[in-house]
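Working notes, beginning with the structure itself.
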Amino acid sequence: MPNGTSTSIALFRRFAVLRGRAARRTGGRADARRHNRLLAAVVLPPVAIMLVLALTQEPLRGDLTRPGGYAEADFGWTAPQERFSPPLASTRYDRPHDIVVLGDSFSANSTGQTDPGAYWTNHLAQRTGLSVAVVPVSLADGMNFAQLLRHPVFVRTPPRILIVETVERYLLRNYAIEIESRVGISDPECRAQTHALPPLPALAPLDAAPVPWIRDTSPEIDFDQAADFLWKSAKRRVLGVDTTRVIRLGLNRPDLFSSRASEELLIYDDEIRKAEFVTPRTLDATYCTLLAMQNAVQANGRTRFLFMAAPDKLSAYAEHLADTDLRALSLLPGLYRQPSLNQVRLLERFRSAIRRGEKDVYMPNDTHWGSAGHRIVADAIVAALTRPQAGPTDRNRKTMLLPGNANARAEPARP
């Protein structure tokens, strides 16, 4: 039987073992707590920020704020816009119409972000009383200019007017570089032809008026949107890197938009990059293609052709850019000097309205027009339709001036 001493030693050893185990457990818990605190310090702030953003950010609707990672609260429009409800212009070309528009996103609701009743085509239908149908240009759906002219409805009952609309930044791409796919004609004839066309009917405005349209500013819980905003903002502000295709420019006046960041302009990078494709050949080829399209349309003796280039946002606000080097990139003044092309000249109308302080001629969060811009377009088209039609001159192939250089002329075209 063990004596008292040996028992005491055994108990001491047992106590020491238990204490060691407890110490190890306590130390492990302390390490775990330190690890958890470090993890929380790293993870919780961005998660909290994302949660706040997800709960407070306004829905991203602009086609510049969304890909650019800019806050809709900063660049979203706050002044009421307007739309026709229901829309007056049709987006289905399944029956004859007085006016057919072949256009891009400046004429048709291609993405769902703009209400169909807000487009200039509705204002045109209201001002003229003529029926209007919009055919979106789409390579995916197989619809270009040549295919529209072969459309069964167009062939059976040609419209009185065909308006072809293209945004300025893709003018050279569509009509000089990718003619086959974008237009569907090759080796275009560059001499304007005279075709007898019937007079247009008397215009009778419709008894219809647009209604106010307010942007949705209610919070939208969207963690993907919050994460995208944080990532793109961090790259710009911390790393000084912007991998988006949206460019942020300063303006020299703060009263041109109804947005909070009214002294800044968002644009697509293509509005600047278009200058890379400006050569005498591409300018001459563009005019040649447009003349060929006009000839092809008016050859039926029933349809008037109108071309309309939607000015780039950069071109419209050029006079108010803080960076003066970007003020002379527009291609449109040169195109407007061509006498034989029936076209709607929009640039000076836009610049005049902006000069007067008209807000949201273009949407601050978007590359497209606001209600003020759509009204300007409709008024310009009515003016173009009601003025006397000028016949072709002997100088069918005037040269274009290169943008930004009044002394650089395009090469004369070969007959």
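Values reported hereafter were calculated over all heavy atoms of this structure, with side chains retained and with hydrogens, waters and symmetry mates removed.
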Lys/Arg-Asp/Glu bridge criterion (N-O < 4.0 Å) met for [X], [Y]:
X    : Y    : result
K313 : D366 : no
D115 : R83  : yes
R248 : D242 : no
D284 : R281 : no

Does atom [atom1] ([X]) have a neighbourhood of more than 12 heavy atoms from anything else shown, all under 6.0 Å?
X    : atom1 : value
D187 : CG    : no
R260 : CZ    : no
D94  : CG    : yes

Under 3.5 Å, is there a donor on one side chain and an acceptor on the other for K235 and T243?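 A pair is found: one side chain offers a donor N or O, the other an acceptor, under 3.5 Å apart.
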
Any luck finding a side-chain donor-acceptor pair between E82 and S371 under 3.5 Å?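 Side-chain D/A pair, E82 to S371: absent.
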
R66 vs D228, test: salt bridge (Lys or Arg N to Asp or Glu O under 4.0 Å). Steps then yes/no. CA-CA 9 Å; R66 187 176 57 253; D228 183 70; over 6 Å; no

Using the side-chain contact (heavy atoms from CB on, under 4.5 Å) definition, which of the options V377, I161, L130, I163 pairs with L124?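 Among V377, I161, L130, I163, the one meeting side-chain contact (heavy atoms from CB on, under 4.5 Å) with L124 is I163.
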
Apply the side-chain contact (heavy atoms from CB on, under 4.5 Å) test between R304 and each candidate in L200, L162, N342, V297; give the one that qualifies.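 Among L200, L162, N342, V297, the one that satisfies the side-chain contact (heavy atoms from CB on, under 4.5 Å) with R304 is L200.
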
K274 and D312: salt bridge (Lys or Arg N to Asp or Glu O under 4.0 Å), yes or no, with the steps? CA-CA 10 Å; K274 68 176 181 286; D312 286 339; 2.9 Å; yes

Can you label the angle between the F350 ring and the W369 ring as parallel, tilted or perpendicular, going by 30° and 60°?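 If you compare the ring of F350 with that of W369, the planes turn out parallel.
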
Any side-chain heavy atom of [X] within less than 4.5 Å of one from [Y]?
X    : Y    : result
Q338 : L291 : no
P159 : Y93  : yes
E180 : V183 : no
Y317 : L249 : no
N122 : P87  : yes

Please list, chain by chain and in numerical order, all residues satisfying side chain to side chain contact (heavy atoms under 4.5 Å, CB included) with R95, sequence neighbours excluded.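 Checked R95 against side chain to side chain contact (heavy atoms under 4.5 Å, CB included); matches are H97.
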
Excluding sequence neighbours, so at least two apart, what forms side chain to side chain contact (heavy atoms under 4.5 Å, CB included) with S352?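 Scan of S352 (side chain to side chain contact (heavy atoms under 4.5 Å, CB included), adjacent residues dropped) gives E348, R355, R356.
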
Which residues pass the ring-ring contact (aromatic ring centres under 6.0 Å, His included) test with F75, sequence neighbours left out?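 Scan of F75 (ring-ring contact (aromatic ring centres under 6.0 Å, His included), adjacent residues dropped) gives Y70.
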
